[in-house]
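In what follows, a structure is listed as structure tokens, so that the remarks can point back to it.
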Amino acid sequence: MQRIKDKLSTRLMNVCVASLCKAKQLEKAEIVIVDGIRIGLQPDVVTYNTLIAAYCRFVGIDAGYSILNRMKDAGINPDVITYNALIAGATRYSLLSKCLDLFDEMLEMRILPDIWSYNTLMNCFFKFGKPDEAYRVFQDVLLKDISVHSATFNILINGLCMNGYSENALMLFRSLKRHGFIPQLVTYNILIHGLCKSGRGNVAREFLNELVESGHIPNAITYTTVMKCCFRYRQFEEGFKIFAEMRNKGYTYDAFAYCTVASMLLKTGRITEANEYLGYIITSGFTLDIVSFNTVFNLYCKEGQLDNAYKLLYEAENGGLESDKFTHAIWIDGLCRTGNFQEAQQQLNRMSVTGFDSNLVAWNSFLNGLCKTGQLDYATHIFESMDTKDSVTYSTIVRGLCQARRFRAASKLLLSCIRGGMRILKSDKRIVIDGLRSCGLTHEARKVQSKIQMAKLLHY
DNA sequence: ATGAAGGGGA
């Protein structure tokens with residue numbers, strides 16, 4: 001009788017712990033457990049699994065591990081859910097090898113992975129840009145005759161989109177529907193997001209219609225996704241309309257929509273308006289996470305208020321917010337805008353020395369700053385010393401050279417890009433060709449044009 | 001008790 005009572009009470013405690021964890025109230029959850037122990041309740045595997053998931057989500061993977069140790073010390077064996085939570089945690093913090101180690105560890109402990117484990121592993125591979133490996137996991141699931149979940153398909157569709165296979169994702173979606181799969185709201189959100197990201201805004205809009213027609217009610221995520229899609233395709237009025245609708249529906253309960261609008265405004269140089277939206281975020285008491293912080297930080301940097309920006313950063317870091325590579329890139333851009341190129345370069349060098357991943361966007365930003373202020377030799381020097389470059393790097397230099405009317409150098413670089421299969425914007429090619437013509441280098445211009453044509457024929 | 005969707009940098 002007493003045992004049954006204890007079991008019931010432990011279950012009650014677990015419900016309590018779960019709801020506190022969900023609300024990010026980890027200290028309170030711990031207090032509930034301590035109180036439980038005081039009145040004779042033993043935390044069980046569910047209690048610890050709840051804690052591990054929450055610590056992984058809100059604190060970090062190491063915090064999750066320390067709960068795992070506490071669990072083992074208490075004599076409770078981890079189960080498949082424990083490992084699933086840890087693997088999901090490792091995925092969240094981009095630790096691929098840790099994910100794989102945990103999976104192996106689970107097998108070694110003779111804990112049978114379930115569909116959740118496979119889903120998590122698949123998602124992990126997709127996140128790391130390894131769609132082939134992810135697909136192998138999926139085939140493994142089919143081979144082992146484990147019954148799949150709708151989440152399995154959602155992860156597949158999302159992973160395919162994020163790895164540049166939106167066409168395959170579409171085919172999968174259609175074929176699943178033919179086989180009786182009923183897409184959920186999240187499935188549509190994934191598709192709309194993926195299609196928009198891969199430059200297929202029109203198809204994304206069709207799915208928005210299909211979503212509504214099949215009886216789903218778009219949520220805040222649907223709205224922010226579609227709004228960003230509008231801004232991306234320069235349909236600003238349409239985007240603002242969506243924002244207004246979100247407000248009316250009560251969907252602006254967090255900072256997401258505000259950040260979407262504000263960053264678009266910052267990108268298009270409408271700083272005063274951005275200020276209004278971000279002012280609302282600050283005064284209305286949303287807790288600033290790193291993303292909304294970076295948006296506000298970007299506002300100060302774009303306004304040239306570097307002192308205020310720095311003060312903001314200092315306060316945020318004292319409050320426990322950890323800056324990231326976005327913060328750093330924004331700061332580099334701010335320094336360049338205010339002419340502090342030396343400081344910018346020192347910051348960039350310090351980053352690579354201290355073993356951080358080299359921040360390509362920050363370097364590109366630096367190059368952009370140098371080009372805009374006509375320091376082409378400096379820019380070229382930096383360009384040559386960079387060991388990773390992308391199409392933005394090349395575009396920036398090509399545009400910079402054109403601006404300095406060094407069209408021959410620009411065309412030489414452009415041609416080397418084309419030879420290397422680098423995607424360069426049509427408008428940038430145009431600038432080079434028009435520039436060559438404008439200084440009477442018509443022969444050169446024609447040569448570049450024909451090489452571009454040739455590349456097109458070869459590539460497509 | 002676990003997995004999938006929205007916002008930030010050139």
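To find a chain, count down the sequence lines: A is the first, B the second, and so on, and within it residues start at 1. All values below were derived from every heavy atom in this structure, side-chain atoms included, with hydrogens, water molecules and symmetry-related copies excluded.
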Original post:
Strictly under 6.0 Å, is that where the ring centroids of A/Tyr165 and A/Tyr135 end up?
Top reply: no
With heavy atoms under 4.0 Å as the rule, sort [X] into base, sugar-phosphate or nothing.
X	value
A/Thr393	nothing
A/Lys267	sugar-phosphate
A/Lys372	nothing
A/Ile290	base

Original post:
Checking only heavy atoms, does the side chain of A/Asn364 share a donor-acceptor pair with the base of B/dG9 at less than 3.5 Å?
Top reply: no
**OP:** With sequence neighbours excluded, give me every side-chain hydrogen bond (donor to acceptor under 3.5 Å, both in side chains) pair touching residues 54-64 of chain A.
**Re:** A/Glu30-A/Tyr55
Original post:
Is A/Arg11 salt-bridged to A/Asp44, going by a charged N under 4.0 Å from an acidic O?
Top reply: no
Original post:
Going by an N to O cut-off under 4.0 Å, is there a salt bridge joining A/Arg136 and A/Asp140?
Top reply: no
**OP:** Would you tell me whether A/Asn219 and A/Asn189 have side-chain atoms, one donor and one acceptor, within less than 3.5 Å of each other?
**Re:** yes
**OP:** Specify the closest pair of heavy atoms between A/Ala255 and A/Ser292, including all atoms of both residues, with the distance to one decimal.
**Re:** CB-CB, 4.2 Å
Can you measure [X] atom [atom1] to [N] atom [atom2] for me and round it to whole angstrom units?
X	N	atom1	atom2	answer
A/His328	B/dA10	NE2	C1'	14 Å
A/Leu299	B/dG9	CG	C1'	14 Å
A/Leu370	B/dA10	CG	C1'	13 Å
A/Arg337	B/dG9	CZ	C1'	11 Å

Original post:
How does protein contact run along nucleotides 1-6 of chain B, one letter per nucleotide 5' to 3', with B for base contact, S for sugar-phosphate only, - for none, heavy atoms under 4.0 Å?
Top reply: BBBBBB
